[in-house]
Amino acid sequence: MKIFNYLLMGGWLLCIPMPSHASLIQEKKCSECHRLSKDGNEKIGPDLFYAGNKFQASWLKQYLQNPVTIRSAGGTGDPDFLKGTQADSQRHPALSKKDAGQITQELMELILLDLPEKINHLEPLTKGQKAKIKYEFERTFSCISCHQSLNLAGKVRGGISGPSLVNAGNRLQARWVESWLKSPKTYSNKSRMPIYKMADETRLRLTQFISTLKNENKR
Amino acid sequence: MKKSSPIFILKYCVFLIAVGITGCSEKSAEEPRPPMKTESLSSTPIEKTTPKPVVVTEKTRETYQWYCAQCHGIKGKGDGINAKFLTVPPRNHTKASYLETRTDEQFFEAIKFGGLSVGRAPCMPAWGNTLSDSTIHELVRYIRELCQCEAL
């Protein structure tokens, strides 16, 4: 049973250098479907190597325990993406409350770059501003053709090739949304979304509009 | 909308009129297709300085699959995954009877500047910041290949 001993020793050696706080993501094999660093090819699930920039911690913790569908057509890198056959049947692995808490912490440490904190705390939009930017979201930029959002009556409307933005106000950090709209190439060099050139002011308003989209406003 | 109070509906309609919108995916307030504009767009000239012939390559097809098929469908039939959520359906790029009434310049403008720029629905996004002019010229040729038609 020499081999067994070697295996044991090997495992033991492997364990030592691993800092315990960064281990649960590895242990749960999240990287089978998600990139946790910028290297390598895109995987079937969305990239998580900038999770700390992108998500709100409270949403992550919730999602990891009770996953919901965000991309009803599947991820854009999925070979079946254009066939629209994914539907809601795919279930994401769910974690216990304790594990979700720990993984959320680990994910929030995955920071790609410094984003300006102040964008997360902009003055709310006035009614007039909101009407104007909603018009741009739907008509000037056609965002609604690919993203679900909420209409004035609180009903879900929009295309499904992009991630749903219906709960974006609870899910995403405003400063990341702004940064994505400004330079999507920072995060993905192969995006299916059109690149937009717009005034800084317009981009900030658009970001604020997206931040108002929340499940609790759904009717 | 069925259960909303009449006052809410009224307010909602007033609002729609006020800002003049019906979104791309707002089924309850369907927007009729804008009337066909068949005159050529000579008022907005496009550089016709493409001396070498535009050739459709494997890359052109890939570009179409990557960006356009989301709405226009894998085969260009206008049945992409977003199609059923849009008020104005994506054009069927295999339908010669309509596409031969449109010029290559109109296609080019629609792709580069979006549907609104050629009197078409805003659901068709602008790709001018994403794709180069030469790629767009190739896509126009590719659509002509799909419909097996030329502008009349």
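Each chain gets a letter, A, B and so on, in the order the sequences are listed, and its residues count up from 1. This structure is a prediction, so every number in the text was calculated from the model and none was measured.
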Of all the heavy-atom pairs spanning A/Leu82 and B/Ile81, show the shortest one and how long it is.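 Residues A/Leu82 and B/Ile81, closest heavy atoms: O-CG2, 3.5 Å.
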For the student: nearest non-hydrogen atoms of A/Ser142 and B/Pro122, plus distance: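 Closest pair (atom of A/Ser142, atom of B/Pro122, distance): OG-O, 2.7 Å.
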For [X], I'd like to know if atom [atom1] has over 12 heavy atoms of other residues, nucleotides or ligands within 6.0 Å.
| X | atom1 | answer |
| --- | --- | --- |
| A/Glu117 | CD | yes |
| B/Gln148 | CD | no |
| A/Lys38 | NZ | yes |
| A/Lys130 | NZ | no |

If you round to the nearest 0.5 Å, how far is [atom2] of [Y] from [atom1] of [X]?
| X | Y | atom1 | atom2 | answer |
| --- | --- | --- | --- | --- |
| A/Ser145 | B/Asn82 | OG | CG | 7.0 Å |
| A/Ile160 | B/Gln70 | CD1 | CD | 10.5 Å |
| B/Thr87 | A/Arg157 | OG1 | CZ | 9.0 Å |

What option among A/Cys143, A/Ser149, A/Gly159 has the most heavy-atom pairs under 4.5 Å with chain B?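 Between A/Cys143, A/Ser149, A/Gly159, the count favours A/Gly159.
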Check the pair A/Ile144, B/Phe85 against side-chain contact (heavy atoms from CB on, under 4.5 Å), reporting the backbone distance first and the verdict last. CA-CA 9 Å; A/Ile144 194 131; B/Phe85 302 99; over 6 Å; no
Sort by residue number and list every member of residues 183-197 of chain A having a non-hydrogen atom under 4.5 Å from chain B.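 So far as heavy atoms go, A/Lys190, A/Ser191, A/Arg192, A/Met193, A/Pro194, A/Ile195, A/Tyr196, A/Lys197 are the residues that approach chain B to under 4.5 Å.
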Counting heavy-atom pairs under 4.5 Å with chain A, which one of B/Leu116, B/Thr130, B/Ile74 comes out on top?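 Of the options given, most contacts go to B/Thr130.
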At a 4.5 Å cut-off on heavy atoms, which part of B/Ala126 comes close to chain A: side chain, backbone, both, or neither?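 Backbone of B/Ala126 only, per the 4.5 Å heavy-atom cut-off to chain A.
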Can you say whether B/Trp66 sits under 4.5 Å from chain A via the side chain, the backbone, both, or neither, judging by heavy atoms?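 When you check distances to chain A, atoms from both the backbone and side chain of B/Trp66 fall under 4.5 Å.
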